[in-house]
Amino acid sequence: MAVNNKVIVFGGNHHNTLGVIRSLGEKGVNSYVLIHDDSRKSFVLKSKYIIKGWIFPTADSCIRKILMEFPAELNKSIIFCTSDDATYAIDKNFHVLRDRFYLPLCKTAGATTVLMDKKHILKLAAEHSINIPLSWEIIDRIIPNGIRYPCITKPLMSVHGCKADIAICQDEQELRHIVLSNSHCKDYIIQEYIEKEKEISILGAVLYNGDVVYSGCIDKLREGSIGSSAFAVMADNKVLGDDKQKLQSLLQDSGYTGLFSVEYLYKNGIFYFLEINFRNDGNGYVPTFTGLNLPYLWYSSCLGMNPTIPDKKNIHFPCYFVVEPTELTGFIKKRISLLNIIRDIKKADCFLLYNKHDKKPFYYQIVQLFLHRISRPFRK
């Protein structure tokens, strides 16, 4: 059956975006790609699976290009989001996009943005009997009483903050320093800091008919920075037990359709829900490598193709993988030793930048990182 629906992948200059492009490309579905980034250069746009690509400084300018480049057609185009900014931008423009595109959103304008608010999603998780850490809210930098220390800070809305806004604070003085001196963010969710035994995530897709498909669980074996995987393994998701059913109920009640990921902490036999990302995950290519191609399943469901979910015996676990940019950053900042990197590479089944079928993005990025590094003394 000939398919004339165009595919648009919209997100940052990141291996997250590259993972969706490759997952679809390996199934014969090439993409149009819009990158929002300050740079004029993109390693993502070197992928052989791209029909045409553009790079703009903001997500809003990408939306304008989408509306100009992809007019209304009989066969609606399909949009994949690979960043919070992309999801936020299409939700803001829900009314002008919904009749022309299949959108990875809830069914009403603004509903996905509400879910991206960490306070709201934690409340929703608690309503579905999912364990959550103790949490407090900081609005407009006003710190409430009663916060338990140590704690961890996170932007209330990821699109209004950045990784630098995530910090562990041992006391009120440290918290005040983070909140009051930060120029990125005014509103935070503050959570009790749990000395985790491990941190896991589960990826998935809510198909267009409402069915929920889960990947295996990712167990972070090594972090490059707070929350960022450098070396990890994907294995069977049975460790989550009843939480999978509770999570399915939450997602179906939300009305969302599209790719997602969920993050948990584990301690003393309890999984603590942290957040849901309503977009493709940075590690989203790993399920594809194991045999579960989530982007292609959602694409197929949009077109009413009744996608076949692979049988568990055809999913290849465990799958060890390396996130090369995070490993390299960890090495440069002396968080990860060269010996550990060599061990990780030897054990890895999958890499998120290097791909033997699509090598150009990897080599281009390595060259750019090298040139950036050696030019630093001349930029001072």
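Side-chain contact annotation: Tyr264 with Asn131, donor-acceptor N/O pair under 3.5 Å absent. For the 3.5 Å distance criterion, the side chains of Lys244 and Asn237 qualify, holding a donor opposite an acceptor. Checked by atom type, the side-chain pair Asn5/Glu73 shows no donor-acceptor distance below 3.5 Å. Asn340 and Ser337 share a side-chain donor-acceptor pair at under 3.5 Å. Using modelled atom types and a 3.5 Å distance limit, the side chains of Asp91 and Thr113 yield a donor-acceptor pair.
Note: Leu250 CG to Ser129 OG = 11.0 Å, rounded to the nearest 0.5 Å. We find the CD1-CG distance between Ile138 and Asp187 to be 9.5 Å, quoted to the nearest 0.5 Å. Taken to the nearest 0.5 Å, the CG atom of Leu207 stands 12.5 Å off from the CE atom of Met305. For the atom pair CD1 (Ile121) and CD1 (Ile276), the distance works out to 4.0 Å, reported to the nearest 0.5 Å. Put simply, CG on Leu97 and CD1 on Ile90 are 7.0 Å apart, with the number rounded to the nearest 0.5 Å. Atoms OG1 and NZ, from Thr288 and Lys27 in turn, are 9.0 Å apart once rounded to the nearest 0.5 Å.
The environment of CG in Asn145 is sparse: at most 12 heavy-atom neighbours from other residues, nucleotides or ligands sit within 6.0 Å. Within a 6.0 Å sphere centred on NZ of Lys65, heavy atoms belonging to other residues, nucleotides or ligands number more than 12. Remark: Lys360 NZ is loosely packed, at most 12 non-hydrogen atoms of other residues, nucleotides or ligands lying under 6.0 Å away. Atom NE2 of His120 sits in a crowded spot, with more than 12 heavy atoms from other residues, nucleotides or ligands closer than 6.0 Å.
Classification of Asp165 and Lys154 as a salt-bridged pair fails, no side-chain N sitting under 4.0 Å from a carboxylate O. A salt bridge links Glu137 with Lys119: the closest approach of a Lys/Arg side-chain nitrogen to an acidic carboxylate oxygen falls below 4.0 angstrom. A salt bridge links Asp60 to Lys92: one of the charged nitrogens lies within less than 4.0 Å of a carboxylate oxygen. Ion pair Arg22/Glu26 not flagged as a salt bridge, since none of the NZ, NE, NH1 or NH2 atoms sits closer than 4.0 Å to an Asp/Glu carboxylate oxygen.
The closest side-chain heavy-atom distance from Ile79 to Val9 is not below 4.5 Å. Between Leu45 and Trp54 there is no side-chain heavy-atom pair separated by less than 4.5 Å. Counting only heavy atoms from C-beta outward, the side chains of Met234 and Pro287 approach each other to under 4.5 Å. Two residues are said to be in side-chain contact when any heavy atoms from C-beta on lie closer than 4.5 Å; Tyr285 and Leu18 fail this criterion. Inter-residue side-chain proximity for Phe80 and Ile8 is flagged as unmet; no heavy-atom pair is nearer than 4.5 Å. Under the 4.5 Å side-chain criterion, counting only non-hydrogen atoms from C-beta, Lys118 is in contact with Ser158. Two residues are said to be in side-chain contact when any heavy atoms from C-beta on lie closer than 4.5 Å; Glu172 and Ile147 fail this criterion. At a threshold of 4.5 Å between non-hydrogen side-chain atoms, the residues Cys169 and Thr153 count as touching.
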Practice task
Starting from the C-alpha separation in whole Å, work towards a yes-or-no answer on side-chain contact (heavy atoms from CB on, under 4.5 Å) for Lys186 and Val179.
Solution key: CA-CA 7 Å; Lys186 296 191 303 179; Val179 171; over 6 Å; no
Practice task
Show your working on side-chain contact (heavy atoms from CB on, under 4.5 Å) between Ile366 and Tyr363 and close with a plain yes or no.
Solution key: CA-CA 5 Å; Ile366 291 299; Tyr363 289 120; 5.6 Å; no
Practice task
Give the C-alpha distance, both sets of side-chain angles, the deciding distance and a yes or no for side-chain contact (heavy atoms from CB on, under 4.5 Å) between Asp37 and Ser42.
Solution key: CA-CA 8 Å; Asp37 193 81; Ser42 169; over 6 Å; no
Problem - Derivation and outcome, side-chain hydrogen bond (donor to acceptor under 3.5 Å, both in side chains), residues Ser201 and Lys220 - result: CA-CA 8 Å; Ser201 58; Lys220 293 181 182 179; over 6 Å; no
Practice task
Evaluate the criterion side-chain contact (heavy atoms from CB on, under 4.5 Å) for residue pair Asp211 and Val206; output intermediate values, then yes/no.
Solution key: CA-CA 6 Å; Asp211 290 347; Val206 182; over 6 Å; no
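Between Glu263 and Asn277, the shortest heavy-atom contact is OE2-ND2, 3.1 Å. A pairwise comparison of heavy atoms in Glu327 and Ile336 identifies OE2-CD1, 3.7 Å as the closest pair. Listed here is the closest heavy atom pair of Leu352 and Gly282: CD1-O, 3.6 Å. When every heavy atom of Gly11 is checked against every heavy atom of Ser83, the shortest pair comes out as CA-OG, 3.8 Å. When every heavy atom of Leu124 is checked against every heavy atom of His128, the shortest pair comes out as O-ND1, 2.9 Å. For the residue pair Cys106 and Thr112, the shortest heavy atom distance occurs at N-OG1, 2.9 Å.
Side chain of Lys107 to main chain of Tyr256: no donor-acceptor pair is present (N/O by atom type, distance under 3.5 Å, no hydrogens or angles). Side-chain atoms of Glu192 come within 3.5 Å of backbone N or O of Leu134 as a donor-acceptor pair. Side chain of Ser61 to main chain of Thr58: a donor-acceptor pair is present (N/O by atom type, distance under 3.5 Å, no hydrogens or angles). Asn30 places no side-chain N or O within donor-acceptor distance of the main-chain N or O of Ile51, the cut-off being under 3.5 Å. No donor-acceptor pair closer than 3.5 Å links the side chain of Gln191 to the backbone N or O of Cys151.
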List the atom pairs, donor and acceptor, that lie under 3.5 Å between side-chain atoms in residues 307-320 and the rest of the protein, sequence neighbours left out.
from   : atom 1 : to     : atom 2 : distance (Å)
Asp311 : OD2    : Lys313 : N      : 3.0

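Note on Leu103: it does not cluster hydrophobically with Val7, by side-chain heavy-atom contacts below 4.5 Å among ILVMFWY residues. At a threshold of 4.5 Å between side-chain heavy atoms, the hydrophobic network of Ile, Leu, Val, Met, Phe, Trp and Tyr places Leu274 and Ile130 in two separate groups. Linking ILVMFWY residues whenever their side-chain heavy atoms come closer than 4.5 Å, directly or via other members, leaves Ile200 and Phe231 in distinct clusters. Using a 4.5 Å cut-off between side-chain heavy atoms of Ile, Leu, Val, Met, Phe, Trp and Tyr, with links allowed through other members, Ile342 and Val323 fall into the same hydrophobic cluster. A single hydrophobic cluster is not seen to contain both Leu156 and Ile142; linkage of ILVMFWY side chains at heavy-atom distances under 4.5 Å, directly or through other members, places them apart.
Here ring pair (Phe, Tyr, Trp, His ring centres under 6.0 Å) pairs that include residues 136-171, with residues two or more places apart or in two chains, are Tyr88-His160. A ring pair (Phe, Tyr, Trp, His ring centres under 6.0 Å) check over residues 7-49, counting only residues at least two apart or in different chains, returns the pairs Tyr32-Phe70.
Within the cation-pi definition used here (under 6.0 Å to the ring centroid, within 45° of the axis), Lys76 does not qualify as a partner of Phe101.
Not less than 6.0 angstrom separates the ring centroid of Phe321 from the ring centroid of Phe289. Ring centroid separation for the pair Tyr266 and Phe271 comes in under the 6.0 Å cut-off.
Here the options are Thr17, Leu203, Leu259, the test is side-chain contact (heavy atoms from CB on, under 4.5 Å), and the partner is Asn280; only Leu259 passes.
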